[in-house]
Protein chains: 2
Amino acid sequence: MTRPRIKDVARLAGVSEKTVSNVINDYTHVSERTRRAVRDAIEQLGYKVNLAGRHLRQGRTGIIALVVPELDVPYFAELARHVIREAEKRSLTVLIHDTGADRDHELAALTGFGSSFVDGVILSPLALTPDDLRDRADAPPTVLIGELLEEGADHVAIDNEKAAREATEHLLSLGRRSILVIGGRDEAGLGTAEARTRGYLAALREAGVDHDPAALLPVRSFGMPDGAEAVNRVLGEGGRPDALLCLNDQLALGALRALYEHGIRVPEEVAVIGFDDVEAGRFSVPTLSTVAPDKAAIARVAVELLQRRMDEVAGPTPADASAPGPRSPQDLVVAHRLVLRESTEGAGARSAACRPTTA
Amino acid sequence: MTRPRIKDVARLAGVSEKTVSNVINDYTHVSERTRRAVRDAIEQLGYKVNLAGRHLRQGRTGIIALVVPELDVPYFAELARHVIREAEKRSLTVLIHDTGADRDHELAALTGFGSSFVDGVILSPLALTPDDLRDRADAPPTVLIGELLEEGADHVAIDNEKAAREATEHLLSLGRRSILVIGGRDEAGLGTAEARTRGYLAALREAGVDHDPAALLPVRSFGMPDGAEAVNRVLGEGGRPDALLCLNDQLALGALRALYEHGIRVPEEVAVIGFDDVEAGRFSVPTLSTVAPDKAAIARVAVELLQRRMDEVAGPTPADASAPGPRSPQDLVVAHRLVLRESTEGAGARSAACRPTTA
DNA sequence: CAGCCAATGTACATCGATGTAAAAACAAGC
DNA sequence: GCTTGTTTTTACATCGATGTACATTGGCTG
């Protein structure tokens, strides 16, 4: 038995194919009687619309892609869930893609995977250059999250510079003066790491604390091994920091482990703070202070923005015709907050940490 | 400017549309001259095949779905990467879906998301019942991973019973006799938790150690909060285990944290072992002993099996016509190994743990 | 009850790629 | 040169849903 087609439904309900289509799509002018008859027929045959046909006709798939560098970085996985939930509200399906931080894969994502079967793309780039972004001719609507590569693209993120400044200020307020930045980068630039580094420098400057260029520890990647390695390197060279500003939680968790192996107490000797507020940081020993981005908001805003772009492409409805052409690129900022746990505050709040909010 | 169609390519190359299609699909009988001409035209126009058209015509999308309960459980995220990589080799695209452990979502996945636009599904069920699986009429080819719900379905997993027995035997060999199973379930059944519980019981029996039914600690879900909560409950009731067999690493990491909060040393007082070998367990304090499934193999075998099923659906080629109809359901077992770290072995291997294999 | 408007319903073309069947081109053999 | 057989290429129908344009129906007014 082959799947029922709209034709079969039409025959059973005794109406034309178009009428069935009208019922399916909630077209206004269908009498209640016909509507019910069609619904019954659909029910009886177990009819499901065939996406291929609809897609071909409408030029839309209802699928958006979420493209991240590494899905096994918890931050991206958590973000993905929010995006999925947000998209579901708009009856969009999310295709998650993992580029392995590879430029070619990111490029492929930008062009809609060679053949446009996604209506839009939410991209968290890592390896792309601004140039890559500039000359995308027939790319689907795209929203960037995290890294801002170019001023001309839609973008959603927290205020990284401000967040880093706040985190650094907190470390300074604890009396720490020798603060290393794991993942820090000196160059001016649009990247997240650069913005956070700027925030760190600003806080130091404001507090009148000297900046040692060697305090910026570059990392190859942003995983736990890299965090541990950076700490090992510093300590091996005789460095004696009293605080670590880690540019994400993975680095921080790796750093915590390395400090433990060196017998260094956290936070008594070294305070540690990260970025992202991943779940593991609520259960690590010690628990991890962190900059918590509002992930739900990032997802919501990104999907909203993307949807608006997709609607633009679909052609403005007569009502919108007065709109001033394509909106200019948006750069939206969502909230973040500093979450203080044991890695900066001591073990005073120990037991409380064990019952984290699951939101 | 609208995207070029096959028609445009045909016109430019001075051939028919079908010939262009033949070139694209590497059809045998096309002269070298025409082939080159068509290739040039494609290049010149920047033509990309339109999936919608192809899909409608062929009934295949080249998309398979990977459906997991919770993407932010690192095990699933890590598995997802392997599946993506494996699918890529076969030029399949992976649509990752997160059901939130919700039965309705899992059901929707089974039926190809209401409208078949996926050619096949790899499903890691949690909330489904065997019945759900049985009466799927027009479902796409499906391979289960992890939970085995029903004997009649294709399935890939490690030998959970054996793995749990080995883990338990190891704890026993350390002289531990009061071993709790976090996430354990008494009922006989096909589920992963049940199989692992059986392995635990088998090891106890073989070692002549009595089993206390209260040693099986049920959990609501399999996250870090649940692991911590279980430990808190036990200790609060005055329990004094000397080992914990946690049915996944998330539970184990939560348990480690709770033990720490109670001032209980691991492994001196309580040894802990988990399942899954997630990256966080290589950096926790202490590092986590675990049963490491060969995730790459699970992914590879699952995709292979799924592909075979999809090919069957596509209709056997004349060559295969002799094949004895649809192959019977496969239940494939992949390798696992016991990885011993500080949570059972003491801190002897401390420094080594910090440079984990990144494989 | 004619006349008109709005509400419903229908036939048909269309989206883009590809399978089918058959025509056209070409080669080889007598 | 003509038949026969094989490549190569083409015209056309088809996959399933939906937009367009028009036909029909029913209700209401004067």
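Residue numbering restarts at 1 for every chain, and letters A, B, ... go by the order of the sequence lines.
The CG atom of N25(A) sits 15 Å away from the C1' atom of dT20(D) (whole-angstrom rounding). Nucleotide dG16(C) holds its P atom 7 Å from the NZ atom of K7(B), rounded to whole Å. Put simply, CG on N50(A) is 8 Å from C1' on dA17(D), counting in whole angstrom units. Atom CZ in R5(A) sits about 11 Å away from atom C1' in dA17(D), given to the nearest Å. Between the P atom of dG16(C) and the CG atom of L51(B) lies a distance of 14 Å, rounded to the nearest Å. Spacing between atom CD1 of I24(A) and atom P of dG19(D) amounts to 11 Å, rounded to whole angstrom units. If you take CZ of R60(B) and P of dG19(C), they are 12 Å apart, rounded to a whole angstrom.
Salt bridge R90(B)/E86(B): present, at least one basic N to carboxylate O contact under 4.0 Å. Residues R11(A) and D8(A) are paired through a salt bridge, judged by an N-O separation under 4.0 Å between the basic side chain and the carboxylate.
Q58(A) has no side-chain polar atom (N or O) that falls below the 4.0 Å cut-off from OP1 or OP2 of dC15(C). Checking the phosphate oxygens (OP1, OP2) of dT20(C), no side-chain nitrogen or oxygen of Y27(B) falls inside 4.0 Å. Taking side-chain N and O atoms only, R54(A) has no distance below 4.0 Å to OP1 or OP2 of dG16(D).
With V156(A) as reference, L305(A) is the one residue of I122(A), L144(A), L305(A) to meet the side-chain contact (heavy atoms from CB on, under 4.5 Å) rule.
To the nearest 0.5 Å, atoms OG1 (T93(A)) and NE2 (H97(B)) are separated by 7.5 Å. Rounding to the nearest 0.5 Å gives a distance of 8.5 Å between CG of D119(A) and CG of L306(A). Rounding to the nearest 0.5 Å places CD of Q330(A) at 13.0 Å from NE2 of H155(A).
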Pairs: protein N or O with nucleotides 10-14 of chain D N or O, under 3.5 Å:
unit_1, atom_1, unit_2, atom_2, d
dT10(D), OP1, S16(B), N, 3.4
dT10(D), OP2, S16(B), N, 2.7
dT10(D), OP2, S16(B), OG, 3.0
dT10(D), OP2, T19(B), OG1, 2.6
dT14(D), O2, R57(B), NH1, 2.8

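Looking only at side-chain heavy atoms (C-beta outward), I145(B) and L66(B) come within less than 4.5 Å of each other. In this structure the side chain of K89(A) never reaches within 4.5 angstrom of the side chain of V303(A), judged on heavy atoms. Between I298(B) and H82(B), every side-chain heavy-atom pair lies at or beyond the 4.5 Å cut-off.
A heavy atom lying under 4.0 Å from DNA chain C marks the following residues of residues 30-38 of chain A, by number: V30(A), S31(A), T34(A).
Residue H29(A) has its side chain nearest to dA7(C) when only dG16(C), dT18(C), dA7(C) are considered.
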